[in-house]
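Below: one structure, written as structure tokens.
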Amino acid sequence: METTNEIVVPQHYNPNQIVTYKVIDSDSTDQTNWYPTVKVSDLEWELHQYRRDKRSLNKYIEHTGMLESRLPDYLDMDSEEIVADICSIFGFNPTKEIQFEATATITGTISVPLDEVANFDVSDIDLNVYAELSSYDGDVDVEIDNIYKT
């Protein structure tokens, strides 16, 4: 009886085809998972995940090697320079929240009918003020303490 190692290529691609494959894992002691059966699309997804994880791991190994080679230089640097260098190696962009307070003066003129001037109270004005940060990310709260007549 003659055996051949001829590969049969299907006529069309079927991502839903069920395949059985051998898992090569020297760390596994569970013999039931040595020949799992899965759909081709699931196997393709696992391979895609593996390739992505492998690229991430290679990048991490490269960055760790760069960090390790720079360790002797860190002995002559201050902590801010070291942190900045590590951030540049790994592509980090750390932030620190800084609180601030600003004072604004708003002046204006309002026209009040003469028959309402006697009962008019300037603190009853509905004043809507809007503030926006033009650079950096953050939150701005606007609070109006008092409105008084000048």
Practice task
Please examine the side chains of W45 and V40, heavy atoms only from C-beta on, and report whether any two atoms are closer than 4.5 Å.
Solution key: no
Problem - Same apolar cluster: L71 and Y60, side chain cutoff 4.5 Å - result: yes
Completion exercise
Smallest heavy-atom separation, L127 atom then I144 atom, equals O-CD1, 3.4 Å
Practice task
Check P72 against S69 and note the closest heavy-atom contact, atom names and distance.
Solution key: CD-O, 3.6 Å
Handout entry: Y74 OH: over 12 foreign heavy atoms closer than 6.0 Å
Key = yes
Practice task
Measure the shortest side-chain to side-chain distance between V19 and V38 over non-hydrogen atoms and say whether it is less than 4.5 angstrom.
Solution key: yes
Practice task
Please step through side chain to side chain contact (heavy atoms under 4.5 Å, CB included) for the pair N58 and K54, ending with a clear verdict.
Solution key: CA-CA 6 Å; N58 287 340; K54 186 176 178 182; 3.9 Å; yes
Practice task
Report yes or no: do L67 and F92 belong to one cluster of Ile/Leu/Val/Met/Phe/Trp/Tyr joined by side chain heavy-atom distances under 4.5 Å?
Solution key: yes
Problem - E68 atom CD: more than 12 heavy-atom contacts under 6.0 Å - result: no
Exercise for the section: List the atom of F90, the atom of T64, and the distance in Å for their closest heavy-atom pair. Expected result: CZ-N, 4.3 Å
Completion exercise
Sorted by chain and number, sequence neighbours left out, ring pair (Phe, Tyr, Trp, His ring centres under 6.0 Å) with Y136 holds for none
Practice task
Would you name the heavy atoms of S41 and N16 that are closest together and state the gap between them?
Solution key: OG-OD1, 4.4 Å
Practice task
Report the distance from atom CE of M66 to atom CG of D85, rounding to the nearest 0.5 Å.
Solution key: 8.0 Å
Practice task
Measure the CD-CD distance between E101 and E143 for me, rounded to the nearest 0.5 Å.
Solution key: 9.5 Å
Practice task
Flag the pair I89 / R70 as yes when at least one side-chain heavy-atom distance between them is below 4.5 Å, and no otherwise.
Solution key: yes
Problem - Side-chain heavy-atom pair V142, Y130 within 4.5 angstrom cut-off - result: no
Exercise for the section: Check whether any side-chain N or O of E81 sits under 3.5 Å from a backbone N or O of D78 as a donor-acceptor pair, and report yes or no. Expected result: yes
Handout entry: Hydrophobic cluster identity match, V117 and V122, side-chain contacts under 4.5 Å
Key = yes
